[in-house]
Amino acid sequence: MSEEEKKTDDEEKTIPRPEGYTIVKYARGWVLFISMLFSLVISAVFIVAFNDYFGETDDWLVWIMPLVIYALFFIIGFKITEVKVNLKITIEGLEQTRLSGSRIYPKYRLIKWGDMKSFHPNGRNRCQNFYISVRNNLNFRISVPMLALYKWRKGNSDVFEEFRNDFWETAPDHNVHVAFFAIT
């Protein structure tokens with residue numbers, strides 16, 4: 001591969017976006033649910049398959065195995081759904097551009113101010129850190145990693161807090177109200 005081809009491939013992987021807020025997010029709710037489901041199913045299969053062995057050992061192994069499998073799927077799920085996005089508050093609304101990471105998130109998404117019903121600055125549940133209720137489309141969720149399992153995301157929480165504060169200041173000007181409860 002020539003140097004020019006290699007350079008263009010590298011540029012397509014990460015798009016530089018100095019304007020806006022660049023954060024790392026993931027699908028925490030889905031990761032929790034799917035990893036729990038897989039760990040229970042796989043543990044049940046192991047326990048049934050090795051019933052004779054588990055009957056002779058201590059019961060602690062039967063209880064530890066689902067937790068270990070859950071932790072493994074949990075870490076893998078975070079890595080699979082992790083994405084680096086650029087969030088930009090504009091006159092039209094909120095723009096999200098995927099810079100790198102998981103393909104389950106759209107490459108570009110624009111949520112217009114008129115389509116936003118309300119936003120939850122602290123999320124609607126423990127699986128989200130920020131949530132926007134959207135009319136006639138998928139709701140917008142941000143889950144920010146608390147622990148950086150793979151590499152330190154320096155300043156990710158600080159950038160997210162700046163975004164949340166700026167959105168909180170801008171949203172009332174466009175008739176998007178703050179909802180502190182899960183009723184929307």
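Predicted model, so just to flag it, every value in this text is computed and none were measured. The residues of the chain are indexed from 1 along the displayed sequence.
- Checking side-chain atoms of H177 against main-chain N and O of S118 turns up no donor-acceptor pair under 3.5 Å.
- A heavy-atom distance below 4.5 Å is found between the side chains of F163 and I89.
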Show the numbers, then the answer: is there a side-chain contact (heavy atoms from CB on, under 4.5 Å) between K88 and T97? CA-CA 8 Å; K88 192 170 159 185; T97 306; over 6 Å; no
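- Taking CD1 of I76 as the start and CD1 of I34 as the end, the distance is 13.0 Å to the nearest 0.5 Å.
- The heavy-atom pair separating N139 from V134 by the smallest distance is OD1-N, 2.8 Å.
- Taken to the nearest 0.5 Å, the NZ atom of K84 stands 15.5 Å off from the OH atom of Y105.
- You'll find the side chain of L87 stays beyond 4.5 Å of the side chain of F130, heavy atoms only.
- Between W113 and H174, the ring planes are parallel. Angles under 30° get that label, and only those over 60° would be called perpendicular.
- Residues I132 and F167 are in side-chain contact: their nearest non-hydrogen atoms beyond the backbone lie under 4.5 Å apart.
- For CD of E92, the number of neighbouring non-hydrogen atoms (other residues, nucleotides, ligands) closer than 6.0 Å is 12 at most.
- Atom NZ of K112 and atom CD of E95 lie 11.0 Å apart (nearest 0.5 Å).
- Using a 4.5 Å heavy-atom threshold, the side chains of I23 and I142 count as touching.
- Minimum interatomic distance between P172 and E169 (heavy atoms only, all atoms of both residues): CD-O, 3.7 Å.
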Stepwise side-chain contact (heavy atoms from CB on, under 4.5 Å) test for T22 and L99: CA-CA 9 Å; T22 302; L99 302 177; 3.6 Å; yes
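- Of all non-hydrogen atoms in N129 and R164, the two that sit nearest each other are O-NH1, 3.1 Å.
- Between V178 and P121, the shortest heavy-atom distance links the atoms CG1-CD, 3.7 Å.
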Candidate pair I42 and F73, rule side-chain contact (heavy atoms from CB on, under 4.5 Å), full reasoning: CA-CA 11 Å; I42 291 173; F73 279 116; 3.4 Å; yes
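- Linking ILVMFWY residues whenever their side-chain heavy atoms come closer than 4.5 Å, directly or via other members, leaves L67 and V41 in distinct clusters.
- Minimum heavy-atom separation, N86 to E19: ND2-O, 3.0 Å.
- Heavy atoms of other residues, nucleotides or ligands lying less than 6.0 angstrom from CZ of F38 number 12 at most.
- With rounding to the nearest 0.5 angstrom, the OG1 atom of T90 is 10.5 Å from the CD1 atom of I111.
- Shown here for M36 and S39, the closest heavy-atom pair between the two residues is O-OG, 2.9 Å.
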Let's go through K25 and S143 carefully: what are the C-alpha distance in whole Å and the side-chain angles of both, what is the deciding distance for side-chain contact (heavy atoms from CB on, under 4.5 Å) to 0.1 Å, and is it a yes or a no? CA-CA 5 Å; K25 69 178 195 169; S143 295; 5.5 Å; no
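- Looking at R109, its side chain never comes within 3.5 Å of a backbone N or O of R98 through a donor-acceptor pair.
- Counting heavy atoms of neighbouring residues, nucleotides and ligands inside a 6.0 Å radius, atom CG of D173 exceeds 12 of them.
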